[in-house]
Amino acid sequence: MMMLKAPAGALFFDLAAITRDPHRLPWLPFRPGVRIHRIYGTGADGQASSAFLLYEPGARVPRHTHTGFEHVFVLSGSQSDENGEHGAGSFVVNPPDSSHEVVSPGGCLVLIVWEAPIVFEPVNSGR
């Protein structure tokens, strides 16, 4: 069971079960090699949002800036950014106005909470 019984309006997830078998959740594309399972919000309306992100080995999320706090809990695998490698059990808080690029050489599963939307930097077309 992935989601546990909860009072009206509340959500409880069995993180151990999701970590053991993330493929039981319905996933949507987020970035190349990275899929998303939204818990609440879309980030498009300026409101807070939360999701699970599943990185394939070698996947990356391009450079982006945080307009609010971002909280990342690495459930399995590891991901790296300019601040180092963050393995399973790591809890990372990126403050407003910070920016980074994230890569996961071996793949990972994270629980992420965005206080406000993130803004991706334009892709350099090389022209």
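Hydrogens, waters and symmetry mates are skipped; everything else that's a heavy atom, side chains included, is used.
Note that CD1 of I36 is 5.0 Å distant from CG of L53, once rounded to the nearest 0.5 Å. Taking CZ of F30 as the start and CZ of R38 as the end, the distance is 6.5 Å to the nearest 0.5 Å. From F13, atom CZ reaches atom CD1 of I18 across 6.0 Å, with rounding to the nearest 0.5 Å. Taken from OG in S76 to CG in L15, the straight-line distance is 11.0 Å, to the nearest 0.5 Å. Considering NE2 of H71 and CG of N94, their distance stands at 9.5 Å, rounded to 0.5 Å.
Remark: S80 pairs with no residue by the side-chain hydrogen bond (donor to acceptor under 3.5 Å, both in side chains) rule, at least two apart or across chains. When the salt bridge (Lys or Arg N to Asp or Glu O under 4.0 Å) test is applied to E101, the partners found at least two apart in sequence or on another chain are R60. Applying the side-chain contact (heavy atoms from CB on, under 4.5 Å) test to Q47 and every residue at least two apart in sequence or in another chain returns D45. With sequence neighbours left out, R31 forms a salt bridge (Lys or Arg N to Asp or Glu O under 4.0 Å) with no residue at all. In this view, H86 and D81 satisfy the side-chain hydrogen bond (donor to acceptor under 3.5 Å, both in side chains) rule, not counting sequence neighbours. Applying the ring pair (Phe, Tyr, Trp, His ring centres under 6.0 Å) criterion to H66, with sequence neighbours excluded, gives H64, H100. Qualifying ring pair (Phe, Tyr, Trp, His ring centres under 6.0 Å) partners for Y55, counting only residues two or more places apart in sequence or in other chains: none. For S90, the side-chain hydrogen bond (donor to acceptor under 3.5 Å, both in side chains) criterion is met by no residue, not counting sequence neighbours.
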Per-pair distances, 0.1 Å, donor-acceptor, side chain in residues 107-123, under 3.5 Å, sequence neighbours excluded:
residue, atom, partner, partner atom, Å
W114, NE1, E70, OE2, 3.1
E115, OE1, F69, N, 2.8

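Between V34 and L54 there is no side-chain heavy-atom pair separated by less than 4.5 Å. Residues F52 and I39 are in side-chain contact: their nearest non-hydrogen atoms beyond the backbone lie under 4.5 Å apart.
Hydrophobic clustering (side-chain heavy atoms under 4.5 Å, transitive across Ile, Leu, Val, Met, Phe, Trp, Tyr) groups L25 together with Y40.
Of all heavy-atom pairs spanning G77 and V74, the tightest one is O-CG1, 3.6 Å. Taking each heavy atom of P32 and A59 in turn, the nearest pair found is O-CB, 4.0 Å. For the residue pair V93 and P95, the shortest heavy atom distance occurs at O-CD, 3.8 Å.
Counting only residues at least two apart or in different chains, salt bridge (Lys or Arg N to Asp or Glu O under 4.0 Å) contacts with residues 46-59 are absent.
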